[in-house]
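Note that ligands are numbered from 1 as they come in the structure, with each ligand's atoms numbered from 1 the same way.
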Amino acid sequence: MDLPVIRERAGSVLALALKRAGTLPDGITVDGFIAAATNVGDFDDYKVFPEQAHQIVKQVAAAGEEGAARAFLRAAIAQSVINAVTGEHIKQLPPLVFAYHTRQLARISEDHELDSEWLNLGHDLFHKEFGIATFRLYAAGAQLVDRRCGVPRSYMFKDGVAKSVPHLATMMKLGGFRPYFQIHTHSFMLDLFNEPGWEACYQGCVELYGLYPEVLGMFGASWFYDPAVVQISPRLSYLQSTPLNNGAHAMYVQTGGDAINNSLSTSPSRRKLYDEGNYMPKSYLLVWGKEEQRAWAARTLPPTLPLA
Ligand SMILES: CC(C)(COP(=O)(O)OP(=O)(O)OC[C@H]1O[C@@H](n2cnc3c(N)ncnc32)[C@H](O)[C@@H]1OP(=O)(O)O)[C@@H](O)C(=O)NCCC(=O)NCCS
């Protein structure tokens, strides 16, 4: 979809959403919310929304009818998409990220649902959709890339003192704990969750190092980085084998927690192993240094650009 078409569609959604939001309280505007919500520090990840943004939404909710705040947040996403496709930043995006990001902006511009329960400042889906629309997150293949992140130092010690020594040495060799790109799965982008989609993510990170040369590498944390997953769900082994065979490092984070629901919710076979006591989901962090990731990209065929 061309940028002018995305703009036009987002404009229709904006008009619809503003109508539903009703008369806004004095001094409250969608542009004001966007400015407040994107006024973040160098290491505020995509989930951080300043207090002023929360206050604006509270005022809209208090003054409007049922659903006014959700419609206001939909309007904020739509206006951000318009800003994205008409602004300067999109022109600076490297080709692969431009193609994948535009594809997500096109998808968002077609979403005119005003009552989605995730249209809520506390919801991860809102954080991700708003993050894409405002370039707080970049879409790169199967993943979203957050540039304002660091590897938590506490993770070095999760697997005991003995393992902390090589983990710390790894981080020192990579140049320190921040800044890194952190990658995230988005449930509205699962059509890209496959091996080519992940390779496009890594290639997208390599492109983004050009825009953000200070970034030291990429990291993610998930149950699918658990070495046990290679045996029990070999279909997913590419998620760890591509990075780990090309210079990435894995570190244990924790047993259970969110990993249980994330790992078991879609897979009857993992659920069965868990119920039988033969599998307990664990989270691992995977960190891939910039130079190693670049070397992998140089050895790998570039992905085909997606159609927006
Ligand atoms: C991460 C996720 C997207 C991976 O999905 P996936 O590539 O379809 O892989 P899964 O192993 O989860 O597949 C689940 C089921 O889909 C089916 N399936 C997946 N890929 C298939 C394929 N290529 N052929 C046939 N069936 C397939 C199978 O029935 C499989 O169940 P099984 O494991 O019992 O065989 C998915 O597990 C998910 O949405 N999890 C919840 C959210 C989450 O974990 N997010 C990441 C947080 S870090």
Side-chain angles (χ1 to χ4, degrees), residues 45-48 100 103-104 107 116-118 122-132 136-152 154-155 158-159 180-202 204-205 217-244 248-288 293 303 306:
D45 67 38
Y46 77 99
K47 301 189 74 63
V48 174
Y100 277 103
R103 176 178 159 144
Q104 295 309 320
R107 175 186 60 73
S116 307
E117 49 94 26
W118 58 263
H123 204 293
D124 188 60
L125 289 176
F126 176 77
H127 302 159
K128 285 175 173 155
E129 293 288 85
F130 186 75
I132 295 167
R136 285 185 74 174
L137 293 169
Y138 293 105
Q143 295 282 283
L144 292 173
V145 179
D146 189 344
R147 71 180 177 87
R148 293 184 174 85
C149 294
V151 174
S154 61
Y155 282 20
K158 298 275 186 190
D159 208 6
Y180 282 81
F181 293 140
Q182 183 168 7
I183 55 171
H184 297 280
T185 299
H186 184 14
S187 50
F188 294 168
M189 291 166 47
L190 291 182
D191 56 321
L192 295 162
F193 198 104
N194 50 42
E195 192 161 6
W198 274 82
E199 295 209 349
C201 160
Y202 309 143
C205 288
M218 175 213 98
F219 78 99
S222 180
W223 58 270
F224 49 65
Y225 293 140
D226 176 359
V229 170
V230 173
Q231 267 77 48
I232 62 178
S233 297
R235 209 174 34 237
L236 297 180
S237 59
Y238 72 89
L239 293 165
Q240 26 186 308
S241 62
T242 300
L244 292 177
H249 308 266
M251 301 178 193
Y252 167 81
V253 177
Q254 68 166 355
T255 298
D258 288 348
I260 297 180
N261 188 43
N262 283 335
S263 170
L264 307 185
S265 61
T266 58
S267 166
S269 62
R270 290 194 294 272
R271 163 72 65 187
K272 184 164 180 284
L273 286 169
Y274 174 80
D275 289 343
E276 292 166 349
N278 292 321
Y279 167 53
M280 169 54 86
K282 293 177 181 168
S283 300
Y284 279 71
L285 176 129
L286 185 139
V287 58
W288 200 356
Q293 198 174 30

*Mark yes when over 12 heavy atoms from residues, nucleotides or ligands other than N194 sit less than 6.0 Å from its CG; otherwise mark no.*
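Counting neighbours around CG of N194, more than 12 heavy atoms of other residues, nucleotides or ligands fall under 6.0 Å, so yes.
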
What protein heavy atom is closest to [atom], reported as residue, atom name and distance in Å?
| atom | value |
| --- | --- |
| atom 31 (O) of ligand 1 | P268 CD, 3.4 Å |
| atom 33 (O) of ligand 1 | S267 OG, 2.6 Å |
| atom 4 (C) of ligand 1 | F193 CE2, 3.6 Å |
| atom 44 (O) of ligand 1 | W223 NE1, 2.8 Å |

*State the CZ-CG distance between R271 and D275, to the nearest 0.5 angstrom.*
5.5 Å

*To the nearest 0.5 Å, how far apart are CD1 in I232 and NZ in K272?*
12.5 Å

Nearest heavy atom to [atom] wins, so pick from [options].
| atom | options | value |
| --- | --- | --- |
| atom 24 (N) of ligand 1 | Q143, R235, M189 | R235 |
| atom 11 (O) of ligand 1 | R270, H186, R271 | R270 |
| atom 6 (P) of ligand 1 | L236, D258, T266 | L236 |
| atom 3 (C) of ligand 1 | L273, L190, I183 | L190 |

*Under the 4.0 Å line, does any protein heavy atom show up next to atom 9 (O) of ligand 1?*
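Yes.
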
*Is atom 48 (S) of ligand 1 less than 4.0 angstrom from some protein heavy atom?*
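It does; a protein heavy atom is within 4.0 Å.
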
Min N/O separation [X] to ligand 1 under 3.5 Å:
| X | result |
| --- | --- |
| S233 | no |
| T185 | no |
| S269 | yes |
| N262 | yes |

*asked:* According to side-chain hydrogen bond (donor to acceptor under 3.5 Å, both in side chains), who are the partners of R147, at least two apart in sequence or on a separate chain?
replied: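 Listed in chain order: Y212.
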
*Salt-bridged, R107 to D191, with N to O below 4.0 Å?*
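Judged by the 4.0 Å cut-off on N to carboxylate O distance, R107 and D191 do not form a salt bridge.
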
*Among F219, F181, Y180, Y202, find the one that has a ring pair (Phe, Tyr, Trp, His ring centres under 6.0 Å) with W288.*
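Testing W288 for a ring pair (Phe, Tyr, Trp, His ring centres under 6.0 Å) against F219, F181, Y180, Y202 leaves exactly one candidate, Y202.
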
*Measure centre to centre between the rings of W198 and F193, then say whether the value is under 6.0 Å.*
yes

*Just by distance, with hydrogens left out, do S263 and Y274 show a side-chain donor and acceptor under 3.5 Å apart?*
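Distance-only check fails for S263 and Y274.
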
*Option among L144, V48, D146 that satisfies the side chain to side chain contact (heavy atoms under 4.5 Å, CB included) test with R136*: V48

*Report the relative orientation of the aromatic rings in H186 and F188; use parallel for angles under 30°, tilted for 30 to 60°, perpendicular for over 60°.*
tilted

*Using non-hydrogen atoms of the residue, decide whether S263 is closer than 4.0 angstrom to ligand 1.*
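For ligand 1, residue contact (heavy atoms, under 4.0 Å) with S263 is absent.
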
State the atoms of ligand 1, each with its element, that fall below the 4.0 Å cut-off from a heavy-atom position in [X].
| X | result |
| --- | --- |
| A221 | 48 (S) |
| S265 | 41 (C) |
| S222 | 48 (S) |

_Does anything in residues 217-235 form a salt bridge (Lys or Arg N to Asp or Glu O under 4.0 Å)? List the pairs, not counting sequence neighbours._
none

